[in-house]
Chemist: 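Please read through the structure below; I'll follow up with questions.
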Amino acid sequence: MAPLTAQSDEKTHQALLDKLDIYAVHKPFRNPNWRPPQRRNKNLKQVLGEASRKEASMMNTQANSGASTPAIASEGGSTPAGNVRPPNIAQAAQSLDRLVLERNGRAAAGNATGPAPTYTNIESAPSFHPSAQKKYCDITGLPAPYTDPKTRLRYHNKEMFGTIRTMPQNVYEGYLAARGAHTVLK
Amino acid sequence: MAPSAIDDAPAASGRNSPKRPPARIWNVSEPPFEGYRPIDTEGYARSNGETAIIIDNGSSAVRAGWSFDSKPRLSVLPNMARYRDRKLNRTFTFIGSDVYSDGTARGQSKSIYEPGSNIINNWDAMEGVLDYCFIKMGIDGRSGSIDRPIVMTEPVANLGYTRKTMSEILFECYGAPSVAYGVDSLFSYSYNGGRSGLVVDSSYTSTHLIPVVDTKPLLSQATRLNWGRFQSAQYLLKLLRLKYPSFPGKISDTQAEDLVREHCYVSQNYEEELSRYLDWTGLEDRDHIIQTPFTEQVVIQKTEEELAIAAEKRKESGRRLQAQAAKMRLEKLKKKEEEFEYYVQLQAQLQEIPTKKEKARVLESNDFDDEGQLDKRVKELEKSIKKTRNKDLGDDAEEEQQEEPTFPLLEVPDDQLDEEGIKQKRQQRLMKSNYDARLRARVEKEAEKARQAEEQRLDDERREADPEGWIGERRIARQAIVQKMKDRERLKAELSNRKSLANQMRMKSIANLASDAPSKKRRRGGGDDDTFGADDADWGVYRTIATGEGSDDEEEEDLSKTLKDIESQLLEHDPNFTEESTREAQTDWTKSVLHAFFHGPYPYDPESQREAHQLHLNVERIRVPEVVFQPSIAGLDQAGIVEIASTILTERLANNPRRDDVLNDIFLTGGNTLFQGFEERLRNELRAVLPAEQSIKVRRAKDCVLDSWRGAAQWAGKKENRRNFITKAEWAEKGGEYIKEHDLGNALG
């Protein structure tokens, strides 16, 4: 535990840490019986995945209710329970259609202005504006009229081109990555 | 460099005049440790069961206070470090800026948010931060709970899981009687008196645009751009890492954020400003130097006196050595002279001895075979004495004027000589060939000189006869040399990469040279006769495998010398070849855009530790904030805020009767809008996409950072908003994700 400031020595630093520490501070406002649920820390991807799965399963239960439930094929009463058919692709595609339709329909019914806002659907769409096609030098950020076909880097003038051509692969990949144009091997 | 030195230096033609040393150098910020924060019980004492605790749960800082406060009492960085110290056998928990008080704590620090997003994913840290807030707000928890309602902000379209977990903590762990959630930017908008408008909230991890009509947010039209100050700082770090790949210092995330805050600004006309950004004029103002801590290598400067003493010492010891050597020489000379005298005497003695036998005896006792040897010895001694004496006198030029040596024995046939004669003849032959070789070399040297003069003459003649052709030829030659130098540079660069083709070829050559077995090629050639070395060029392989210091310095020297020669010739005779076209001028650093980019308008000395630890911010100053307007710069595949705003204003709200009201109140909030020029830029760009007769107004929140909290406090203080709180019973009954919809909050999904 190295002190960060020059003017503190080992002892005063420890005293400072003792003062700052809140683990030892009594916290009477907390429920002593509170036990956090297991695995409550989820990353964004997990949370989003769960949310969309939940939504989809809700749709399915609604779609499968009542008349749309397919009747069990009874051919000679031969083991209907164990006879699981392979999933039908057309049927699966149809249910996907329905899913989208129903989702939109439900949103339209609840809110006249469009689908309900969710964390994912309020994200800004890709740009259609011509300014998105503007090119800037990958090294300096200056306007770039040229692109090097070998490295795919954009450059401002021949001086940068000279530099680009002497770059090892990891360096120009780094520049591409800063622009999000690098190749990702999976 | 002293300023006077710069002023005195004449501006060489073809170069930019040097600049004065930088007027201001910035430093990177210290870790944001604020010191111990005392517990503030005053607010709790004033509060009652109706007073809400307001928590603006932002990703840049968590701000907490009482609903009657005019500004938050606490602003806590959203991170926690909890670790067990094994030596002391106790657990430490540090919150917010306190983690920067200690190295270990800083290493263990975890943010409560998923990095780069506004979604909480570390709930233990979240609890720690809430604990900290409640402790510092002096809540005594007599009833075993916080016993105060809570108003908390959440992101637009918050995820159900996040809200569920948060409610669970607030109700179960802290025993809050009721909780309300709202969106920070809407709180800020309402605090600034907005009714209908477009809220542009660019904050720490994201940028949101929310149209509000008649105080009702149109959340279904809200749009999020995944870019904020955090991403800006990360982008700047990425750019700096690429710009200075071998930078010895380290820039932390908080330092990068401060750099963005302090040095970046939004350009009003990005394209135009960008294209002139690295121009020489005014570059010293645009280029900001950031100095990171460094330790200068100590060079012990000796005083003049010390230097003089050292020189004197050296001279003294040199003199002593010289004296010693002279003494030794003298002694040797004396000895030789004595010897010489002795042998001369011996010679005289021999003359007097009549019998041959006696003569032979005397000679033998003096280790001589015959009289000839004695004579030779005497001659040798005489010569050596003479030479030594001459040397002492300081003129040894005598050798030059030696008469041509004669080799008389060579003409005599062998059979006329005795054994001794043959031996001498052989020796003379050797000496003669030596002498001849020397002569030949001299002649050759003269011939070479003549040839060069002739060449020069021919060259001059040709130049006079056909100046254009001559110039063309010279230019081609110059180009070839320049190309060669460039190739060499490239090869050097490639060799530094272990995986490059050049390096692989080198490895191959090494392996070939080292292997005993002949390579495939040779085997196919037939036989195992190794002809390596038959051609002188074969040895070049050793040059190609040599790398590092001094591997090709000699050649480098040669090339630049030849280039200089050619350039001086061209300068003299080619009217189109000026001082500016020389390679030296062209590669001069003041002309280099890259140099301006890396080191500003100042010379760079790679040896200097101070300069190696400097960062130059120039293009980055406008490039980083520009991403909000053009996300594609940073590889973000989303529309920029102007495009989003214009889509919302001109398409989605096209038929809305209150559209003009919205256009007349475009409201900026959030820390990332604090860049100088943000407001003007947004206004100008929106102006450009909207009809000319359409009036627009852009305004900024009075306090872009704290107004969310103030708005929440104001909202909580109003009696009619009581009904928008969820009680614990409601939460238990209606589920974890349940909220009551109100004008400043999210919709229930």
Chemist: In terms of heavy-atom pairs under 4.5 Å with chain B, which of A:His26, A:Lys134, A:Glu50 leads?
Modeler: A:Lys134
Chemist: Heavy-atom distance under 4.5 Å to chain A: side chain of B:Glu737, backbone, both or neither?
Modeler: side chain
Chemist: Select, from A:Thr166, A:Leu44, A:Leu48, A:Asp138, the one with the greatest count of heavy-atom pairs under 4.5 Å involving chain B.
Modeler: A:Leu44
Chemist: So for B:Arg37, is it side chain, backbone, both, or neither that comes closer than 4.5 Å to the heavy atoms of chain A?
Modeler: neither
Chemist: Heavy-atom pairs under 4.5 Å with chain B - which of A:Pro32, A:Pro126, A:Gly162 has more of them than the others?
Modeler: A:Pro126
Chemist: For B:Phe629, is it the side chain, the backbone, both or neither that has a heavy atom under 4.5 Å from a heavy atom of chain A?
Modeler: neither
Chemist: How about CD on B:Glu271, more than 12 heavy atoms from neighbouring residues, nucleotides or ligands closer than 6.0 Å, or not?
Modeler: yes
Chemist: Determine the option with the most heavy-atom pairs under 4.5 angstrom with chain A, choosing from B:Asp131, B:Ile146, B:Ile119.
Modeler: B:Asp131
Chemist: Report the option among B:Ser632, B:Gly635, B:Cys173 that has the most heavy-atom pairs separated by less than 4.5 Å from atoms of chain A.
Modeler: B:Cys173
Chemist: Give the member of A:Arg40, A:Lys27, A:Gln169 that has the highest number of heavy-atom pairs under 4.5 Å with chain B.
Modeler: A:Arg40
Chemist: What class does the angle between the rings of A:Phe161 and A:Tyr155 fall in, given that below 30° is parallel, 30 to 60° is tilted and above 60° is perpendicular?
Modeler: tilted
Chemist: What do you reckon, is OH of A:Tyr23 surrounded by more than 12 foreign heavy atoms closer than 6.0 Å?
Modeler: no
Chemist: Just so I understand: if I count every heavy-atom pair under 4.5 Å between each of B:Thr162, B:Asn158, B:Val593 and chain A, which residue has the most?
Modeler: B:Val593
Chemist: If you tally heavy-atom pairs under 4.5 Å against chain B, which of A:Pro28, A:Ser124, A:Gly180 wins?
Modeler: A:Ser124
Chemist: Which word best sums up how the rings of B:Phe94 and B:Tyr83 line up, parallel for under 30°, tilted for 30 to 60°, or perpendicular for over 60°?
Modeler: tilted
Chemist: Which region of B:Asn118, side chain (C-beta onward) or backbone (N, CA, C, O), has a non-hydrogen atom less than 4.5 Å from a non-hydrogen atom of chain A, or is it both or neither?
Modeler: both
Chemist: Does NZ or CZ of A:Arg152 lie under 6.0 Å from the centre of the six-membered ring of A:Tyr172, at an angle within 45° of the ring axis?
Modeler: no
Chemist: Tell me whether the count of non-hydrogen atoms from other residues, nucleotides or ligands lying under 6.0 Å of NZ in B:Lys243 goes above 12.
Modeler: yes
Chemist: Are B:Tyr174 and B:Phe134 an aromatic pair by the rule of ring centers under 6.0 Å?
Modeler: yes
Chemist: Find the one option among A:Thr140, A:Asp18, A:Val171, A:Val25 whose heavy-atom pairs under 4.5 Å with chain B are most numerous.
Modeler: A:Thr140
Chemist: Just one of B:Lys110, B:Met126, B:Glu114 clears the side chain to side chain contact (heavy atoms under 4.5 Å, CB included) bar with B:Asn121, so which one?
Modeler: B:Glu114
